[in-house]
Protein chains: 2
Amino acid sequence: MVEAPVKNPLLSTSREDYLADIYRIQAAGQNVNTGEVAQRLGVSAASTSAMFKRLAQEGLVHYESYSGVWLTKEGERAASRIVRRHRVIERFLTDILGIGWDRVDGFANLMEHALPDEVLEAIERLLGDPDTCPHGYPIPNRSGETAAPAGHSAEMLAAGERAVIRRVDESDPGLLRHLRERGLVPGTRIRVQELNPIDGTRTLSAGERTLVVGQRIVRALFVDRVVDDA
Amino acid sequence: MVEAPVKNPLLSTSREDYLADIYRIQAAGQNVNTGEVAQRLGVSAASTSAMFKRLAQEGLVHYESYSGVWLTKEGERAASRIVRRHRVIERFLTDILGIGWDRVDGFANLMEHALPDEVLEAIERLLGDPDTCPHGYPIPNRSGETAAPAGHSAEMLAAGERAVIRRVDESDPGLLRHLRERGLVPGTRIRVQELNPIDGTRTLSAGERTLVVGQRIVRALFVDRVVDDA
DNA sequence: CAGATGAGTTAGACACACCTAACTCACTGC
DNA sequence: GCAGTGAGTTAGGTGTGTCTAACTCATCTG
């Protein structure tokens, strides 16, 4: 049984998982080291070390022993294809199938390894060529180019300032449910009404509502400031 | 990296491929032997023999050395879940994404191993709970029950008889394209106008058209006779 | 009914990706 | 600047699924 080759550079499921994860860590501006990847993928450091070596041998990453890896041009192209599949699948699951945005990441992790290019593109057309996943992260285009992640941390909003949510931290399903229940989703306009300097809580107006949110939530929101209010 | 477990009885991709194939051979009323499965899955007889042993050990098939296998109740349940996923995916690809019915089998073979139950059921709802795949084969239900494949070979139609196509042989993409071009798809009403006793060709009316078809095509069609013509 | 033939099985190896345990490196703090 | 510590690597082993080559069984034919 041949390992499911979606197309082109015939990567194993494991390689795809590692590459996509390296890509995401890099996109967040962090160094990619063994422990981080091991922890995120739920494997041992030894396995990760071994895979780094393999990926380096294949020209997909640069590997500096005891320091970490970063993607080569080729690795970046490969990784972006996987991330692209992942985020398109997420959109499909939420927009077409109505599955909650807190579950789609896990499902997409399974499905992203077995989606032929032609099916991917048909789904994209059906969705109207979306620019982002449901959480606001950019979908790489066919050529592997990815827009910069939209928004800046909502922590830097001062009292009185208005903004639009562009993107939210997608790593914790519980947090995502929490955000959804409060209407804190990409596209929502918010205004910081009060900022409590002691504990960092904010009183926000979000759409029609007013809510008090703690640091954890504020840090999960990435926004663009809005100057003139329509 | 854990092998993608869609749910429940955590079967590897390979096991799923073997089980589904055994299921299909059995559903066609044939004995399931090593060579047949090996050839259909594109693996060696040795690999197939080894897998038969493993599946037997796990209680998924009965295995008679040098003779063949047949599914146990449990194996049948497992296999029907995979076939169900396969056929629902095919319907999704044709009906929602507009992909040609000659390509969807290959795509479904990849995708069927990585479709969580919840996503499967959402797709089924979206499709309106279809009974068959695009080629007319029955979709097993949630409980693993499968209707008998509809239709009987069109070969037994006598000159003058009318029938409705219920199902077509799905094994050859080229043949499927051929059938599609001639409108010979499930639901089409046909009538045998002439039957050439020398070479077995038939002159058919199919929908609006009249066509002459050879044995190969006739054998690929499974029909139900229609007595009264509306 | 005996031997040839072909299908099926067993033996032995390999690749992949994982693990734990032991070792090694690099940096931090005294 | 050297020891301790924690992160990273290497060593060695396991399970799965594949292969080829060699053997064995069952059946068909003369």
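Throughout, a chain's letter reflects where its sequence line sits, starting with A, and its residues are numbered from 1.
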(request) Provide, to the nearest angstrom, the distance between the CD atom belonging to Glu58(B) and the P atom belonging to dG15(D). (result) 14 Å
(message) Do Arg166(B) and Phe222(B) form a cation-pi contact, if we require the NZ or CZ to be under 6.0 Å from the six-membered ring centre and within 45 degrees of the ring's axis?
(response) no
(request) Just jot down the ring pair (Phe, Tyr, Trp, His ring centres under 6.0 Å) partners of His86(A), sequence neighbours excluded, or say none. (result) none
(request) Report the distance from atom CG of Asn31(B) to atom P of dT27(D), rounded to the nearest whole Å. (result) 12 Å
(message) Whole angstroms only, please: what is the CZ-P distance between Arg54(A) and dC18(C)?
(response) 7 Å
(message) Assess whether a salt bridge exists between Glu124(A) and Arg142(A), defined as any Lys/Arg side-chain N lying under 4.0 Å from an Asp/Glu carboxylate O.
(response) yes
(request) Look at the side-chain N and O atoms of Ser14(B) and state whether any lies under 4.0 Å from the OP1 or OP2 oxygen of dT16(D). (result) no
(request) May I have the distance from Tyr18(A) (atom OH) to dC18(C) (atom C1'), rounded to whole angstrom? (result) 8 Å
(message) Which residues pass the ring pair (Phe, Tyr, Trp, His ring centres under 6.0 Å) test with Phe107(A), not counting sequence neighbours?
(response) none
(message) Could you tell me how far apart Arg15(A) (CZ) and dA15(C) (P) are, to the nearest whole angstrom?
(response) 13 Å
(request) Report the nucleotide, chosen from dC18(C), dA17(C), dC19(D), that has the shortest atom-to-atom distance to any side-chain atom of Ser12(A). (result) dA17(C)
(request) Provide, to the nearest angstrom, the distance between the CD atom belonging to Gln39(B) and the C1' atom belonging to dG6(C). (result) 16 Å
(request) Sugar-phosphate means primed atoms, P, OP1 and OP2; the rest is base. With that split, encode nucleotides 7-14 of chain D 5' to 3' as B, S or - using protein heavy atoms under 4.0 Å. (result) -SBB----
(message) Using OP1 and OP2 only, check whether a side-chain N or O of Ser44(A) sits under 4.0 Å from dC18(C).
(response) no
(request) Could you grab the distance from atom CD of Glu16(B) to atom CD of Glu112(B), nearest 0.5 Å is fine? (result) 7.0 Å
(message) For Phe52(B) and Tyr63(B), take the angle between the two ring planes, folded into 0 to 90°, and tell me which bin it lands in: parallel under 30, tilted 30 to 60, perpendicular over 60.
(response) perpendicular
